[in-house]
Amino acid sequence: MKIIARIIVILIAALAVVGATLALSNSGALNGLLRAGRFEPEFAFTQRPGGAPGEFARSQGQRRQFDRALQQDREAGRPFAFEGSFERGRFGEAGLGSFNLFGAFELARNLIIVLVIVAITVAATLIWQRLGRRRVKDAPA
Amino acid sequence: MKTTRKRIPKNLINLSLDALIFIAFLVATAPRFTGIAVHEWLSIAFGAAIVTHLLLHWQWIIGVTRHFFGQAQWRARINYVLNTLFFIDMTIILFTGLMISEAALPLLGIRIAPDRTWRLLHGLASDAGVFILALHVALHWQWLVNALKRHILKPLFGARRAAPTLAATKEAHS
Ligand code: HEM
């Protein structure tokens, strides 16, 4: 009984986070935030023909074709699959890829990132603690 | 006759679960490594493991929540803030993952219109998660080293080292 109550508390906390995320998304704040970030070029420009500043503008027809494809995919509930977009090929034709070597590289990269951060933080904490102990030792009684 | 069942030490349970969570998270951050279906199912299981992890540390959560503004140590406070961020981040990763699901939810007959915002947020929250996970491990480094020594290294190598000592003692006695 106690465990069920605790699980419910955890789920309520998670729901609160989901609610806040949905509220941010519906208010448009999330979109703005993401657009302002490093994802903008991938998000808007390379996806939409002629969308990138400084890029040669593509024809209106091409843009319309893009928008139509996006609309159709949305209506059909399919993942967006405009030819040439990065979406395809990301995880293979159907989007459901299997093992791939780049993935192993990604995994190794993340492991190294974690190890480096752990090493730096642990070293910094140890130095901090040692300095603190020395300060206490050196302090006049 | 009374049989005495040996209880598994709590720290060993924690250590095993934490190791599993750590590996599962790292694997989940590389969906190209596993393919998307494994990525999704593994991550859903990961969600359940996180809930278990929280249940195992329930006393700590309650204790620090009560005393956060009172007599809690600074270390515990920093840990608490980081863990809260971690929880929020994990929830966002799992929620956005479900919103862009291509294998798990469609298999259950649930289809959600794809939305680029969720996709971007999913990747962004996952990147942030790698950093928070690293800090989380770093802050528990001492516990981790002690638990590894006690439950893994000592039973494995301590026994081997202890064996000659035992033999030497026997020789000395004979
Ligand atoms: C620990 C939890 C998880 C982590 C760390 C994680 C991490 C990631 C990462 C790093 C990517 C690649 C993003 C990119 O390339 O921009 C990704 C993609 C994806 N994830 Fe997750 N994920 C998690 C949970 C889930 C869950 C629970 C689901 C669904 C049930 C899911 C579904 C997907 C899908 C469908 C993609 C492909 C998105 C795309 O095409 O860009 N993920 N995930």
Side-chain angles (χ1 to χ4, degrees), chain A residues 2-3 6-7 9-11 13-18 20-22 25 30-31 33-35 37-39 42-43 47 73-75 77-80 87 90-92 94-111 113-122 124-126, chain B residues 22 25-27 29-39 47 50-52 54-55 58 61-62 75 84 87-92 94-96 98-100 102-103 106 111-121 123-127 130-131 133-139 141-142 144-145:
Chain A
K2 218 158 70 178
I3 287 183
R6 287 173 184 178
I7 292 175
V9 171
I10 294 168
L11 291 181
L15 269 181
V17 176
V18 169
T21 312
L22 279 173
S25 161
L30 206 57
N31 250 328
L33 215 73
L34 288 169
R35 246 173 238 181
R38 64 191 164 100
F39 295 102
E42 188 180 60
F43 183 34
Q47 287 288 299
D73 277 345
R74 281 226 169 111
E75 280 168 8
R78 283 196 299 264
F80 178 56
E87 211 88 355
R90 208 167 194 200
F91 287 105
L96 311 174
S98 54
F99 174 82
N100 124 14
L101 216 91
F102 180 70
F105 164 75
E106 231 174 19
L107 184 70
R109 184 201 59 192
N110 288 340
L111 180 62
I113 291 175
V114 170
L115 292 179
V116 168
I117 296 175
V118 169
I120 292 173
T121 316
V122 170
T125 319
L126 286 177
Chain B
F22 180 80
F25 183 78
L26 272 186
V27 173
T29 58
R32 287 169 192 84
F33 179 66
T34 55
I36 207 71
V38 174
H39 171 75
I50 289 287
V51 172
T52 314
L54 293 176
L55 289 174
W58 194 258
I61 297 171
I62 297 298
R75 201 184 163 78
T84 308
F87 178 78
I88 293 171
D89 193 57
M90 285 301 150
T91 308
I92 291 174
L94 291 173
F95 167 64
T96 50
L98 289 172
M99 294 303 276
I100 61 171
E102 289 170 11
R111 283 184 179 277
I112 300 167
D115 189 325
R116 193 154 282 280
T117 309
W118 299 135
R119 207 157 275 224
L120 294 177
L121 193 58
L124 190 65
S126 161
D127 288 349
V130 172
F131 286 92
L133 172 74
L135 289 174
H136 184 82
V137 172
L139 285 178
W141 188 249
Q142 205 50 57
L144 187 66
V145 170

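Letters A, B, ... mirror the listed sequences (proteins, then strands); counts begin at 1.
Using a 4.5 Å cut-off between heavy atoms, A/Ile3 contacts chain B through both its backbone and its side chain. Both the backbone and the side chain of B/Phe131 come within less than 4.5 Å of a heavy atom of chain A. Looking at B/Ile100, neither its backbone nor its side chain comes within 4.5 Å of chain A, counting heavy atoms on both sides. Of the atoms belonging to A/Val116, not a single heavy atom falls under 4.5 Å from chain B. If you measure heavy-atom distances from A/Ala20 to chain B, you find no contacts under 4.5 Å at all.
Contact check for B/Ile92 versus B/Phe95: no side-chain heavy atoms found under the 4.5 Å cut-off. Looking at heavy atoms from C-beta onward, B/Phe33 lies out of side-chain contact with A/Asn110 at the 4.5 angstrom threshold. Taking the side chain as every heavy atom from C-beta outward, A/Thr125 and B/Arg75 approach each other to under 4.5 Å. Looking at heavy atoms from C-beta onward, B/Met90 lies in side-chain contact with B/Phe25 at the 4.5 angstrom threshold.
When atom types are taken as modelled, the side chain of A/Thr21 and the backbone of A/Val17 share a donor-acceptor pair closer than 3.5 angstrom.
Top candidate by heavy-atom pairs under 4.5 Å with chain A, chosen from B/Leu55, B/Ile88, B/Leu139, is B/Leu55. The most heavy-atom pairs under 4.5 Å with chain B, out of A/Ile117, A/Ile7, A/Ile120, come from A/Ile117.
With rounding to the nearest 0.5 Å, the separation of CD1 in A/Ile10 from CD1 in B/Ile61 is 6.5 Å.
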